[in-house]
Amino acid sequence: MNDINKNFIQRIIDDDNDSGKFNNKVHTRFPPEPNGYLHIGHAKAIYLNYNIAEEYNGKCNLRFDDTNPIAEEDEYVRSIQEDVKWLGFDSEKRVYFASDYFQQMYEYALQLIKNNNAYVCELSPQEIKNTRGTLQKPGTQSPYRDRARDENLDLFNRMKSGEFENGSKTLRGKIDMSHPNMNMRDPVIYRILHANHHRTGDKWCIYPMYDWAHGLEDSIEGITHSLCSLEFEDHRPLYDWYLDKLDVYHPQQIEFARLNLSYTVMSKRKLKLLVENNHVTGWDDPRMPTISGFKRRGYTPKSIRNFMEDVGVAKRDNIMDIAKLESSLRTDLNKRSQRRMAVLNPLKVVITNYPDEKEEFVIAKNNPEDESAGTRKLPFSKVLYIEKDDFMEDPPKKFFRLSPGAEVRFKFAYYITCTDVIKDSKGKIVELHCTYDKDTLGGRSEDKRKVKGTLHWVSANHSVLADIRLYDRLFTALNPDAESNFIDTINTNSLKIVKNCRLEPELKTFESKIPVQFERLGYFFKDADSTAESLVYNRTVALRDTWAKK
RNA sequence: UGGGGCGUCGUCUAAUGGUAGGACACCUGGUUUUGGUCCAGGCAGUUGGGGUUCGAGUCCCUACGCCCCAGCCA
């Protein structure tokens with residue numbers, strides 16, 4: 001690793017290592033709250049934390065920050081672990097829960113009270129709000145602020161034993177009600193919550209607030225560099241205050257800019273709304289920026305990791321162009337995907353000079369980027385389907401697909417010339433009559449005559465049917481968060497289902513785990529909705545198309 | 001009128017007082033049995049104004065702009 005081109009976090013760690021601050025140790029953590037599914041913004045945090053640890057020969061913990069029983073569920077801890085693993089990060093059994101430290105946190109709170117740094121406050125939530133002051137004006141002190149030490153201890157213990165109603169009392173830090181940083185105006189440390197916790201059940205009825213819990217979790221686990229997003233910058237003084245007052249091991253919090261993607265929303269609240277109001281089919285809807293959504297859509301873990309490497313890390317607010325994600329995706333898929341033939345919008349083609357009952361098999365390359373992927377046999381016969389878009393009766397200049405009198409290559413098969421256009425009574429094209437040149441088997445000719453267009457095709461009788469789901473961005477606004485109501489900018493055409501697509505027969509039994517490219521169309525991934533009788537494919541991403549742009 | 005951050009091509013991100021570079025996007029051209037890939041090239045940036053310096057994206061002053069903070073959420 002050279003000194004140049006490091007990001008600001010690596011430089012901080014280098015400085016710490018130079019000064020011996022953490023004895024050259026690096027230990028990070030990824031601390032999700034199990035209250036929703038992971039999205040690609042989390043993937044940045046995961047990537048960062050695991051990679052920093054690996055780079056410096058350290059470790060990274062996966063820690064569930066489950067301090068609020070109201071919002072958290074087991075379903076989410078399961079999905080989060082699954083997603084982290086799918087992304088390619090091994091937590092090596094380093095899986096922890098904030099709730100495992102509840103007893104220890106409680107004892108630390110006792111210590112804080114004993115040192116006269118915390119007190120039990122009986123102000124209601126509304127009263128606390130009213131006395132906090134504003135951004136410009138200082139707050140006023142709670143009447144309970146100067147309670148005797150023993151009374152605080154007694155009251156706090158009774159809070160713990162369940163004697164009081166939700167919201168009736170809190171434990172608060174005794175800091176400074178006129179502090180310019182609102183977080184330092186006697187912050188709540190514990191609140192009373194008679195609620196069932198997904199792991200500790202009914203054992204506790206007081207739960208620690210984030211600021212109290214997070215620093216202690218980091219401290220207990222021996223974290224060195226505690227990476228979090230920018231909005232916690234204002235919380236760092238409090239993180240430091242607690243640890244200093246307790247005089248315990250003190251990790252360094254470092255803030256970085258979270259990832260934003262163009263044409264998408266990233267907040268859990270908004271994603272949840274999309275799910276609950278059925279704007280999408282679920283957390284794993286292929287249009288969602290969730291890890292499970294990308295997975296179902298056909299994204300690869302490697303493409304997401306490469307994207308994160310590309311994105312980098314800094315403290316500027318940013319909106320990454322989603323085209324960059326798609327570029328990482330195509331780079332990976334291009335090298336690895338198996339090519340297959342599929343016709344989305346079939347147009348019947350009859351090869352008039354081809355024997356009626358004949359069928360033959362042409363040799364098709366599975367992946368031109370990788371010879372080891374081998375070849376397969378593709379059935380060819382008299383009646384075929386091609387893409388409707390690949391024929392124009394009256395083509396513009398530079399249209400080098402099929403048109404009356406034009407000769408094109410049917411990939412891996414023959415040169416084909418269109419002789420007749422068959423229409424129905426309304427003038428709609430229903431069928432094409434063509435001839436083939438029998439001396440061009442494999443798609444090449446002895447005379448080296450040049451054929452500009454190469455089309456994909458399937459044999460009608462051999463083909464299998466499928467529904468194909470075409471996805472577009474979920475929002476029409478580049479930054480939906482900036483709109484007064486992001487729901488209003490939902491793209492009503494984000495999903496288009498194309499029925500009765502024709503696939504080459506091998507796709508009937510194709511393994512769903514392998515990424516596949518439908519020649520000339522894009523990358524597709526077999527959806528979980530597929531059954532033995534009916535195939536469903538998701539378009540992961542289209543191929544770059546410089547023709548369509550014009 | 002409080003506090004904390006941040007301003008570099010269209011979008012991300014480097015350059016740590018010494019030639020403003022890379023990626024994506026976009027535009028040319030070449031190769032190609034995918035209008036894909038690949039290859040070659042091009043376009044495009046330091047928020048403004050002062051100052052220090054032989055030399056400033058970088059240091060200082062100042063102005064401006066953007067983001068975050070008033071949950072018993074994280």
Side-chain angles (χ1 to χ4, degrees), chain A residues 3-7 11 31-33 35 65 67-68 70-72 121 123-125 128-130 132-139 166-172 178-185 187-193 206-207 209-211 213-214 228-237 255 257 259 262 268-269 307 309-328 330-331 334-335 339 364-365 368-369 398-401 409-413 442-444 451-456 478 517-522 542-550:
Chain A
D3 269 358
I4 212 118
N5 287 340
K6 285 192 171 186
N7 64 49
R11 286 176 201 283
E33 183 189 13
N35 68 343
D65 208 358
T67 57
N68 182 1
I70 310 291
E72 297 149 7
C121 182
L123 256 25
S124 70
I128 287 184
K129 186 182 167 78
N130 293 152
R132 186 155 23 229
T134 69
L135 296 178
Q136 280 82 18
K137 290 196 182 74
N166 283 358
S168 60
K169 291 179 177 52
T170 55
L171 183 71
R172 290 229 262 168
S178 60
H179 198 109
N181 179 344
M182 300 290 285
N183 295 123
M184 300 297 272
R185 319 241 264 227
V188 172
I189 298 172
Y190 273 94
R191 75 281 212 183
I192 299 172
L193 239 38
I206 53 171
Y207 288 92
M209 295 289 290
Y210 167 84
D211 291 297
H214 207 90
C228 62
S229 45
L230 253 27
E231 69 267 31
F232 291 102
E233 242 157 355
D234 283 346
H235 294 247
R236 182 159 25 94
E255 309 84 11
L259 173 72
S262 58
K268 272 192 219 171
R269 201 199 101 239
F307 173 67
E309 182 61 37
D310 262 19
V311 161
V313 57
K315 296 191 74 162
R316 293 181 281 270
D317 287 331
N318 62 80
I319 300 179
M320 272 301 311
D321 190 342
I322 195 161
K324 186 142 183 161
L325 210 209
E326 293 178 342
S327 168
S328 300
R330 290 192 186 102
T331 300
N334 175 55
K335 286 197 211 82
R339 316 289 129 127
K365 274 190 181 179
E369 302 291 313
K398 296 221 173 162
F399 179 85
F400 34 83
R401 276 115 98 145
R409 172 190 295 114
F410 275 23
K411 190 162 184 166
F412 305 128
R444 65 184 77 77
V451 172
K452 190 79 171 149
T454 299
L455 307 189
H456 61 279
L478 190 145
Q517 180 195 108
F518 290 167
E519 294 266 7
R520 302 207 304 135
L521 297 176
L543 254 29
R544 267 186 77 227
D545 189 348
T546 49
W547 169 250
K549 276 175 190 161
K550 294 173 183 173

If you write RNA chain B from 5' to 3' in dot-bracket form, with Watson-Crick or G-U pairs under 3.5 Å, [ ] for crossing pairs and | for pairs with another strand, what do you get?
.((((((..((((....[..)))).(((((.......)))))....(((((..]....))))))))))).....
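- Among the atoms of the strands shown, none is found under 4.0 Å from any heavy atom of A:V451.
- For the P atoms, the distance linking B:C6 with B:A15 amounts to 15 Å, nearest Å.
- Rounding to whole angstrom units, CD1 of residue A:I189 and P of B:C73 are separated by 14 Å.
- Look at CG on A:L455: it is 11 Å from C1' on B:G35, rounded to the nearest Å.
- To the nearest whole angstrom, the two C1' atoms, one in B:G35 and one in B:G21, are 32 Å apart.
- Per the geometry, CD1 belonging to A:I192 stands 16 Å off C1' belonging to B:G71, to the nearest Å.
- In A:K315, the NZ atom is crowded: over 12 heavy atoms of neighbouring residues, nucleotides or ligands sit closer than 6.0 Å.
- The shortest distance between side-chain heavy atoms of A:E519 and A:R339 falls below 4.5 Å.
- Using a 4.0 Å heavy-atom cutoff across all strands shown, A:E33 reaches sugar-phosphate atoms only and no base atom.
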Look for any protein N or O under 3.5 Å of an N or O in nucleotides 66-69 of chain B and output each such pair with its distance, or none.
residue: B:C67; atom: O4'; partner: A:D317; partner atom: OD2; Å: 3.2
residue: B:C67; atom: O2'; partner: A:D317; partner atom: OD2; Å: 3.2

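- Residue A:R444 places none of its side-chain N or O atoms closer than 4.0 Å to OP1 or OP2 of B:U32.
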Nucleotide N/O of nucleotides 25-27 of chain B paired with protein N/O under 3.5 Å:
residue: B:C26; atom: OP1; partner: A:K549; partner atom: NZ; Å: 2.5

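- Contact between the side-chain N/O atoms of A:R132 and the OP1/OP2 oxygens of B:G71 is found at a separation under 4.0 Å.
- A distance of about 32 Å separates the P atoms of B:C24 and B:C66, rounded to the whole Å.
- Across B:A14, B:U34, B:C72, the shortest atom-to-atom separation from the side chain of A:R191 is found for B:C72.
- The side chain of A:N5 lies closest to B:A14 when the candidates are B:C72, B:C73, B:A14.
- In summary, of the residues considered (A:L123, A:I192, A:I128), a side-chain contact (heavy atoms from CB on, under 4.5 Å) with A:T170 occurs for A:I128 alone.
- In this pair, A:W547 lays its aromatic ring flat on the base of B:G35, centres within 5.5 Å and planes under 30 degrees apart.
- Taking both residues in full, the closest heavy atoms of A:V188 and A:M209 are given as O-CG, 3.3 Å, listed atom of the first, atom of the second, then distance.
- Heavy atoms of A:Q136 sit under 4.0 angstrom from at least one base atom.
- When rounded to the nearest whole Å, the span between CG of A:D545 and P of B:U34 equals 14 Å.
- Atom-to-atom, NE2 of A:H214 to C1' of B:C73 comes out at 14 Å; the value is rounded to the nearest Å.
- Remark: A:T67 is in phosphate contact with B:A74, judged by side-chain N or O atoms under 4.0 Å from OP1 or OP2.
- Residue A:Q517 is classed as a base contact, given a heavy-atom separation below 4.0 Å to a base.
- Taking only distance into account, the side chain of A:R236 never meets the base of B:G4 through a donor-acceptor pair shorter than 3.5 Å.
- Note on A:P237: nothing from the nucleic acid sits closer than 4.0 angstrom, heavy atoms only.
- Across all strands shown, A:I128 has heavy atoms under 4.0 Å from base atoms, whether or not it also approaches the sugar-phosphate.
- Between A:E33 and A:D65 the shortest heavy-atom distance is CG-O, 3.5 Å.
- Note: A:Y210 and A:H235 have perpendicular aromatic rings, judged against thresholds of 30 and 60 degrees for the angle between ring planes.
- Here B:U13 presents its P atom at 15 Å from CZ of A:R11, a figure rounded to the nearest Å.
- Within 4.0 Å (heavy atoms only), A:F400 reaches at least one base atom of the nucleic acid.
- Taking atom C1' in both B:A44 and B:G4, the straight-line distance is 34 Å, to the nearest Å.
- Remark: A:D310 pairs with no residue by the side chain to side chain donor-acceptor pair (under 3.5 Å) rule, at least two apart or across chains.
- Of all nucleotides listed (B:C73, B:G35, B:C12), B:C12 comes nearest to the side chain of A:M320.
- Residue A:T134 is classed as a base contact, given a heavy-atom separation below 4.0 Å to a base.
- Look at the C1' atom in both B:C9 and B:U47: the space between them is 14 Å, to the nearest Å.
- With sequence neighbours excluded, no residue forms a side chain to side chain donor-acceptor pair (under 3.5 Å) with A:K324.
- B:C64 and B:G49 have their P atoms separated by 15 Å, given to the nearest Å.
- Contact annotation: A:R316 side-chain N/O to B:A14 OP1/OP2 distance is under 4.0 Å.
- Between A:R520 and B:G36 there is no side-chain polar atom (N or O) within less than 4.0 angstrom of OP1 or OP2.
- Shown here are the salt bridge (Lys or Arg N to Asp or Glu O under 4.0 Å) partners of A:R330, two or more places apart in sequence or in another chain: there are none.
- Summarising the geometry, the separation between CD on A:E369 and P on B:C38 is reported as 7 Å, rounded to the nearest angstrom.
- Two residues are said to be in side-chain contact when any heavy atoms from C-beta on lie closer than 4.5 Å; A:T454 and A:R520 fail this criterion.
- The CG-C1' distance, from A:L478 to B:G10, rounds to 10 Å in whole Å.
- Within 4.0 Å of A:L123, counting heavy atoms only, lies at least one base atom of the nucleic acid.
- With B:G36, B:C12, B:U1 as the candidates, the nucleotide lying closest to the side chain of A:N334 is B:G36.
- Contacts of A:K315 with the nucleic acid, taken as non-hydrogen atoms under 4.0 Å apart, involve only primed sugar atoms and P, OP1 or OP2.
- Nucleotides B:G65 and B:G57 are separated by 24 Å at their P atoms, to the nearest Å.
- Base engagement by A:K398 is indicated by at least one non-hydrogen atom pair under 4.0 Å involving a base atom.
- RNA chain B is contacted by both A:R401 and A:D211; A:R401 maps to the nucleotide lying nearer its 5′ end (nearest heavy atom per residue).
- Glycosidic conformation of B:G71 is syn; the angle stays within 90° of 0.
- Annotation: B:C68 and B:G10 have their P atoms spaced 24 Å apart (nearest Å).
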